[in-house]
Amino acid sequence: MRALVWHGTQDIRCDTVPDPKIEDDRDAIIKVTACAICGSDLHLYDHFMPGMEKGDVMGHEFMGEVVEMGKGVNGALRKGERVVIPFTIICGECDQCKRGYFSVCERSNRNKHIAAKAFGHTTAGLFGYTHLTGGYQGGQAEYVRVPFADKTHIKVPEGLTDEQVLFLGDIFPTGWQAAVQADIQPTDTVAIWGAGPVGQMTLRSALLLGAKQVVCIDSVPERLDMARAGGAITIDNSQESVVERLNELTGGKGPEKCIDAVGMEAHSPRALEHAYDRLKQAVMLESDRAPVLREMIYVCRPAGVISIPGVYGGLVDKIPMGALMNKGLTIRTGQTHVNRWTDDLVKRIDDGQIDPSFVITHRAGLEEGPEMYKTFRDKKDNCIKVVLRP
């Protein structure tokens, strides 16, 4: 089969690789009908995340049709069914899964000893996202093996298109969880750093959850345009002071809720801060860049909440712990507990409350994937979200 394969830093190729096979009774094989390039895939493309190996198949945002199942699936799936596959692989039986904390499933990471060394305890297995999270082959391919398939799936209702439901596997529930864990109240101003795909889903989720106003911060014109179309006030952080503008919008008090939808590759508009972070990375004293975290802590209203859906992989520097502690801020983070939210989100799509396909700007075949990675990474051709068809 064809698949997008990691060969090294900024080297993704469309290769021919062996077809996946059933390896466990709870496996299923999915024929991929649509997949997407996610912003967190760029962390692998730029090799900021550890644990990638040459030959790894990329991609964790995908859907398709069931073509084969192990006997342990026990009727949970049928051949020909359309399913979206969450990026988090879940057993559905461990203590964490029973509590709804699916992204920290205790059983699905087959390299849990590596994750435990890095993080103190294991987290869930993820598709196409390094050997730290299990080394599972990803979904930017013609076929995918889905472990624990009786639990790791979302069934697609009749009448909904692939593009309406594809993002249930990652960015839509990620944006939704980011807003939910911010505990949004009707009087809140919610400030979101990053107007990429996750930021776009987050701002619409915040409005659906009743925020008084949502402010979206970015520097890319087409992303800011899309954010305004979704109902947000926008700040171009390359042209104006984020702190001053947020204080203007909140009567000098700061936003109650701040959300980081950027993550480890954040860019600071302040040249000295950006140079500091890049220098620390170059000499391997810091793995991730934290200008968004620093700014959120500084500007957030005392007793406010900071929510972090943006992916971080290692170490950051110069976090203002004094401000964080003395202002009494609450931080909530985590990979997305996808299946906790998807029943509700499917209904919202079906009811017409939101159509997540609005975020798609580029559609291409799988063989065009390597070039689409470059286009997406470099924000060329007004690219915000890429969907690939195998």
For [X] and [Y], which I'm curious about, is there any donor-acceptor pair between the side chains at under 3.5 Å?
X: E273; Y: S268; result: yes
X: T336; Y: Q177; result: no
X: D41; Y: Q140; result: yes
X: T33; Y: D162; result: yes

Can any side-chain N or O of [X] pair as donor or acceptor with the backbone N or O of [Y] at less than 3.5 Å?
X: D56; Y: G135; value: no
X: D150; Y: A76; value: no
X: R294; Y: K318; value: yes
X: S357; Y: Q164; value: no
X: Q213; Y: L249; value: yes

Does [X] come within less than 4.0 Å of [Y], counting only side-chain N to carboxylate O?
X: K98; Y: D95; result: no
X: R13; Y: D11; result: yes
X: K31; Y: E65; result: no
X: E61; Y: K385; result: yes

message: Looking at Y136, I'd like to know if the NZ or CZ of R110 sits under 6.0 Å from its six-membered ring centre while staying within 45 degrees of the ring's axis.
response: yes
field: Geometric cation-pi criterion, R348 with F172: 6.0 Å, 45°
entry: no
statement: Checking M372, E368, R363 against V386 for side-chain contact (heavy atoms from CB on, under 4.5 Å), the one that qualifies is M372
statement: Result for side-chain contact (heavy atoms from CB on, under 4.5 Å) between T189 and one of V215, I233, V214 points to V215
- request: Measure up the H267 and H274 rings against each other and bin them: parallel (under 30°), tilted (30 to 60°), perpendicular (over 60°).
  value: parallel
query: Got more than 12 heavy atoms from elsewhere within 6.0 Å of CD, Q185?
result: yes
- line: Across all chains, not counting sequence neighbours, the side-chain hydrogen bond (donor to acceptor under 3.5 Å, both in side chains) partners of Q137 are none
- request: May I ask you to test the V146-V83 pair for a side-chain heavy-atom distance under 4.5 Å?
  value: no
